[in-house]
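Notes for the one structure printed next.
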Amino acid sequence: MAAAATPQADRPSNFIRDIILEDLKANKFAGRVHTRFPPEPNGYLHIGHAKSICLNFGLAAEFGGKTNLRFDDTNPEKEEQEYVDSIITDVRWLGFDWEDRLFYASDYFDQLHQWAVQLINAGKAYVCDLSAEEVRQYRGTLNEPGKESPYRNRSVEDNLELFAKMRAGKFPDGSRTLRAKIDMASPNLNMRDPVMYRILHAEHHRTGDKWCIYPMYDFAHGQSDSIEKVTHSICTLEFEDHRPLYNWFIQQLGIFPSQQIEFDRLNITYTLLSKRKLLQLVRDGHVRGWDDPRMPTLSGLRRRGYTPEAIRNFCAAIGASKTNGTIELAMLEHFLREDLNQRAPRVMAVLRPLRVVIDNYPEGQVEELEALNNPEDPSAGTRKVPFSRELYIEQDDFRETPPKKFFRLFPGQEVRLRAGYFIKCTSVVKDEKTDEVVEVHCTYDPATRSGNAPDGRKVKATIHWVSARHAIEAEVRLYESLFSKEDPNDVPESQEFTANLNPNSLETLTAAKLEPSLASAKPGDRYQFERLGYFCVDPDSTSEKLVFNRTVQLRDTWAKIEKREKGKSL
RNA sequence: UGGGCGGUCGACUAAUGGUAGGUCAAGUGCCUUUGGAGCACUUUGUCCAGGUUCGAAUCCUGGCCGCCCAGCCA
């Protein structure tokens with residue numbers, strides 16, 4: 001039962017949606033919308049793929065259509081089962097379902113081979129003995145037409161026999177190809193007798209050693225779409241030049257005419273979205289793996305603490321067009337914070353501890369103070385946080401001599417401890433050698449329990465804290481962007497993109513202090529460490545020591561002010 | 001310099017011959033037991049030049065600028 005097309009009028013449109021709307025109106029595919037997401041299993045999926053996934057699944061869903069997951073596995077030399085598995089995991093994690101429609105281009109190898117024979121019989125394909133180098137020379141250049149291969153006019157019988165021998169493994173790799181007979185003078189280089197099959201004595205991750213000839217992308221993709229009756233075949237801009245060839249094969253074969261539509265690839269500032277380069281980062285050990293939290297891969301983002309919702313909202317917001325552009329990283333982070341703000345439980349953690357002693361608080365006394373789990377979500381309830389005479393606060397929250405507009409603790413200043421008491425700084429203890437403040441002494445006002453002043457007096461800042469005796473220790477990994485340049489590919493000539501790697505992309509803090517409620521945190525759990533940012537538990541955590549990743553910082557107005565004030569005084 | 005595709009606020013994206021709007025960023029104020037969140041307000045744009053039209057971001061012509069293509073990769 002084809003669900004009636006129910007386009008949401010209020011939904012921001014894009015040119016692909018407009019095309020579908022028109023096709024529906026014209027009853028072009030009998031009212032069907034069927035898309036596919038066609039990754040090559042030669043690496044892990046990244047956020048650029050998420051854009052394509054959201055587009056393909058989203059568009060089909062909107063119009064009551066279907067989306068297939070199809071692995072484009074025509075190059076056994078680069079493809080691996082590990083990648084297939086990761087891709088399946090990642091698309092599911094993102095929240096999409098292809099039901100029983102999991103396909104592989106390799107499912108169609110027999111059919112593709114048959115079609116190749118059909119084209120040979122029709123005089124539209126020939127076996128060419130030119131070497132790779134010769135093929136390149138015969139192809140011509142951007143400005144000059146190519147030359148026809150001397151093997152172009154072999155008889156159908158010869159071609160059939162030669163192609164059969166290619167398939168039977170009679171020839172070494174690279175010695176021959178099957179080519180389409182189109183037009184060596186075409187201004188579109190893709191039409192200059194493109195290679196359809198190459199000889200590759202390589203083990204395929206699914207078909208094993210059944211084949212020693214493999215179809216090229218151009219001879220597999222359109223037909224795979226066609227076999228699956230895909231109506232709208234959405235791909236990226238660089239395939240625009242391939243569309244005439246895509247259509248040529250479909251037309252010569254007389255098969256279902258899927259329609260290719262190209263959109264712009266995703267680019268994000270400070271981020272590299274190229275599988276080849278990502279693989280290089282992994283292989284050369286610049287990151288710890290495909291799922292390193294600094295990687296823009298879906299597995300990396302997941303480990304970093306991103307939610308599928310945040311990624312989907314981001315993809316919906318950026319839309320799709322045909323203009324080459326670059327989205328600011330801030331946009332992605334906005335959708336991340338927006339989602340996490342609603343759902344992440346608040347908790348107190350001190351990353352760089354500074355000891356605070358409350359001189360007038362009874363020694364040995366412990367109070368259980370009640371704290372809100374999430375001010376954005378009353379249903380999240382409250383929890384108890386232990387308070388005692390000795391605490392840790394953030395080093396950043398204390399200055400012996402406060403700069404302008406610094407509202408936090410300094411000698412003589414009173415601040416509120418979150419969910420605790422008002423405290424006032426009375427003195428500091430310094431390291432004799434370094435002159436560094438190592439301990440801060442304060443007094444507290446017992447009347448301000450849980451943060452309210454009965455006399456109505458105000459305080460300019462609220463800071464977070466952890467009871468020293470009750471704190472649990474953790475490792476916290478702070479991340480910055482992997483690259484320090486907006487465009488990681490912008491390097492002086494003769495240098496590689498790796499020259500733009502940010503040396504500070506990872507900072508590991510080993511002595512962070514957490515409130516005790518975190519003892520039961522499990523890998524993948526996400527929290528807001530109050531006033532700092534969102535953090536999630538890394539799978540490296542052990543029963544002895546928790547490891548947290550900083551997903552993203554909270555917006556930091558103070559940092560902005562401080563930077564501006566510093567700039568002024570220079 | 002062949003072919004293909006594009007150029008709308010700082011970024012991304014709408015407006016499909018009829019008021020250039022939204023999101024992010026930036027800024028200002030309010031509010032705040034997170035310098036968070038929220039709320040309100042503000043700044044900034046149709047690549048250029050002609051033409052068609054009552055009316056052009058949109059249609060036409062000519063420029064300019066950018067991206068992609070010379071894998072037996074996808």
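Residue numbers begin at 1 in each chain, while the letters A, B, ... track the order of the sequences. Any value given below was found using the heavy atoms of this structure, including those in side chains, with hydrogens, waters and symmetry copies removed.
Ring orientation note: the planes of A/Tyr214 and A/His204 are close to parallel, at an angle under 30° on the 30°/60° scale.
An OP1 or OP2 oxygen of B/C24 is reached within less than 4.0 angstrom by a side-chain nitrogen or oxygen of A/His334. A/Lys322 has no side-chain polar atom (N or O) that falls below the 4.0 Å cut-off from OP1 or OP2 of B/C67. One finds no side-chain N or O of A/Arg179 lying less than 4.0 angstrom from the OP1 or OP2 phosphate oxygen of B/C72. At B/A74, one or more side-chain N or O atoms of A/Arg198 fall inside 4.0 Å of OP1 or OP2 (strictly under the cut-off). Of the side-chain N and O atoms in A/Arg555, one or more sit less than 4.0 angstrom from OP1 or OP2 of B/A26.
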Name the atoms and distances for all side-chain donor-acceptor pairs under 3.5 Å in residues 162-173 of chain A, with sequence neighbours left out.
{"unit_1": "A/Lys165", "atom_1": "NZ", "unit_2": "A/Glu161", "atom_2": "OE2", "d": "3.4"}
{"unit_1": "A/Arg167", "atom_1": "NH1", "unit_2": "A/His113", "atom_2": "NE2", "d": "3.4"}
{"unit_1": "A/Asp173", "atom_1": "OD1", "unit_2": "A/His201", "atom_2": "N", "d": "2.8"}
{"unit_1": "A/Asp173", "atom_1": "OD2", "unit_2": "A/His201", "atom_2": "N", "d": "3.4"}

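Of the two residues contacting RNA chain B, namely A/Leu332 and A/Lys51, the nearest-nucleotide position lying further toward the 5' end is that of A/Lys51.
Both stacking criteria are satisfied for A/Trp558 over the base of B/G35: a centre-to-centre distance under 5.5 angstrom and an angle between ring planes under 30 degrees.
Of the candidates B/U34, B/A25, B/A70, B/A70 carries the atom nearest the A/Arg136 side chain, counting heavy atoms from C-beta on. Comparing B/C73, B/C24, B/G6 by their closest approach to the side chain of A/Lys78 singles out B/C73. Proximity note for A/Met216 (side chain, C-beta onward) versus B/C72, B/U8, B/A25: the nearest is B/C72. Checked against B/U34, B/C12, B/G36, the side chain of A/Thr557 finds its nearest nucleotide in B/G36.
Between A/Tyr527 and A/Phe535, a ring centre-to-centre spacing not shorter than 6.0 Å is recorded.
A/Arg408 comes within contact range of at least one nucleobase, with a heavy-atom separation under 4.0 Å. Residue A/Ala320 is classed as a sugar-phosphate contact, given heavy-atom separations below 4.0 Å to backbone atoms only. Within the nucleic acid shown, A/Glu530 comes within 4.0 Å of at least one base atom, counting heavy atoms only. Among the heavy atoms of the strands lying under 4.0 Å from A/Asn75 are primed sugar atoms or P, OP1, OP2 only; no base atom is included. The residue A/Phe239 sits close to a base: some heavy atom pair falls under 4.0 Å. Among the heavy atoms of the strands, none lies under 4.0 Å from A/Asn190. A/Tyr534 comes within contact range of no nucleotide atom at all, as no heavy-atom separation falls under 4.0 Å. Across all strands, A/Leu142 comes closer than 4.0 Å to base atoms (heavy-atom distances). Residue-level contact check: A/Ile561 touches the bases, meaning some heavy atom is under 4.0 Å from a base atom. Counting non-hydrogen atoms under 4.0 angstrom, A/Ser186 reaches nothing in the nucleic acid.
Taking 4.5 Å as the limit, every side-chain heavy atom of A/Leu45 sits out of range of all side-chain heavy atoms of A/Thr297.
A salt bridge between A/Lys405 and A/Glu562 is absent, with no side-chain N of the basic residue lying under 4.0 Å from a carboxylate O of the acidic one.
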